[in-house]
Amino acid sequence: MKKIRITAEDTAGTVQQIQEAIGGEIIERWGEHILQVNNDIAKGSIHFITFEWGGSILEYNITFFDEIELIMDASEYNPIHFTYCLKGYCEHRFHDEKERRMLEELQPSIITSKSGGYNHGYFPMNVYLHINVVQINRVKFIRKRLNDASILNQKLYKVFHDSYHEKRFVYIGTYNLKLAALIDSLNNIDQKGMIRIMLIEGVVYQILSLHMIQHDKDVMTRKNAAPILLEELEVVKEIAAEISEEVSKEYTLEQLAEKSGLTQVKLQEGFKHLYARTVTEYIRHVRLEKARDLINDKENNLNISQIVYTIGLSSRSYFSKIFKRKYGISPSEFLKNKQKAKITA
């Protein structure tokens, strides 16, 4: 295991100390810094940008060829870490703990140490990592007029207002695919210079907001509901994929629950968690998307009645009603204008 001690006072210093340990070259463009490395220790990159409102983004797109332990001194630089593993996983513990806590793929976390303490972060060897970390300097953040943290629940509010870093805080959240899509969208920002930085900053605010929303949601639900396990979410995704591939089949919640091995309640929770829809709403959603694609297909000559049958519905009037509600245009109108109309889901 390779140990890297971090005593820096900011994100830039943190990446510089990582560079000193693993090598590579840091390139700067319009305030965006990129550590690029390709050697026997690691291959990939680490990006970071620091914003004037007290936040910074740190992204790992890297594979380490040895297990890495980051020993981070919280005496000088002790931000709140909002971490999300888009690919791979990492582990964490405080200095006085023996056991590590796992930060799994697609699982958001919020962690901060107390002043004078240490954070120990662990990265596995030979695993591609895409890890997004939004770090918040709480003093700078709260000083901003719009950042009074008043919308946060009590626990998170106390974390933001702990200006003297007297307490530590750990939250490991339930799995969140919306964060994955948002973080992945950073890779699609093609603009350069100041516009690029501004667009990234906007996404960072959204990422931070989703972390907070997820935390608030978990605090409200964990009292009465068992957490959804990663393996259960994988089963839910398999059921959703089957529905998407065979939209014409007749599905019932009871049959799908039996097929999945999950209870009906757990299956509903899984669909709401991954797709923000109940099972019935998801089935209707994919059927309407399939219908839209069939109507929009220039080589397809199916009429509306045939399309209704193809997606597993029996009532043309019901289909027309829900189609117009979703897309703002009736199926027949869309069929007449399919060469001109452009509909997004």
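Just so you know, these numbers use all the heavy atoms, side chains as well, and skip hydrogens, waters and symmetry mates.
Met198 CE: 12 or fewer foreign heavy atoms inside a 6.0 Å radius. When the shell of 6.0 Å around CD of Glu258 is examined, it contains 12 or fewer heavy atoms from other residues, nucleotides or ligands. For CG of Asp96, the number of neighbouring non-hydrogen atoms (other residues, nucleotides, ligands) closer than 6.0 Å is greater than 12. Within a 6.0 Å sphere centred on CE of Met194, other residues, nucleotides and ligands contribute 12 heavy atoms or fewer. At most 12 non-hydrogen atoms from other residues, nucleotides or ligands lie less than 6.0 angstrom from CZ of Arg5. Heavy atoms from other residues, nucleotides or ligands lying under 6.0 Å from CD of Glu28 number more than 12.
By the criterion of side-chain heavy atoms lying less than 4.5 angstrom apart, applied directly or through intervening Ile, Leu, Val, Met, Phe, Trp or Tyr residues, Tyr89 is not grouped with Leu103; the two fall into different hydrophobic clusters. Side-chain heavy atoms closer than 4.5 Å link hydrophobic residues (I, L, V, M, F, W, Y) into clusters, and following such links, possibly through other members, connects Leu129 to Met72.
In the model, Ser330 has a side-chain atom that pairs as donor or acceptor with a side-chain atom of Ser332 under 3.5 Å. Side-chain contact of Arg287 with Ser248: a donor-acceptor pair under 3.5 Å is absent, judged by distance alone. Side-chain polar atoms of Arg100 and His92 form no donor-acceptor pair below 3.5 angstrom. A donor atom on one side chain and an acceptor atom on the other are found under 3.5 Å apart for Thr174 and Asp218. Counted by atom type alone, Thr7 and Gln17 present one or more donor-acceptor pairs between their side chains at under 3.5 Å. No side-chain N or O of His47 forms a donor-acceptor pair with one of His33 less than 3.5 Å apart. Side chains of Asp184 and Asn187: a donor on one and an acceptor on the other come within 3.5 Å. Looking only at atom types and distance, the side chain of Ser56 has no donor-acceptor partner in the side chain of Thr50 under 3.5 Å away. Of the N and O atoms on the side chains of Glu69 and Tyr122, at least one donor lies less than 3.5 Å from an acceptor on the other residue. Checked by atom type, the side-chain pair Asn61/Tyr128 shows a donor-acceptor distance below 3.5 Å. A donor-acceptor contact under 3.5 angstrom links the side chains of Thr252 and Gln255, judged on distance only.
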Could you walk me through whether Tyr77 and Asn137 pass side-chain hydrogen bond (donor to acceptor under 3.5 Å, both in side chains), step by step?
-> CA-CA 8 Å; Tyr77 184 50; Asn137 181 317; over 6 Å; no

Determine, step by step, whether His81 and Gln135 satisfy the side-chain hydrogen bond (donor to acceptor under 3.5 Å, both in side chains) criterion, reporting the C-alpha distance in whole Å, the side-chain angles of both residues, the deciding distance to 0.1 Å, and the verdict.
-> CA-CA 5 Å; His81 301 266; Gln135 300 182 125; 3.1 Å; yes

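For the pair Arg168 and Phe94, the distance from NZ or CZ to the six-membered ring centre is under 6.0 Å and the angle to the ring normal is within 45 degrees.
A tilted orientation is assigned to the rings of Tyr118 and His95, their planes being inclined by 30° to 60°.
The shortest distance between side-chain heavy atoms of Ile131 and Leu86 does not fall below 4.5 Å.
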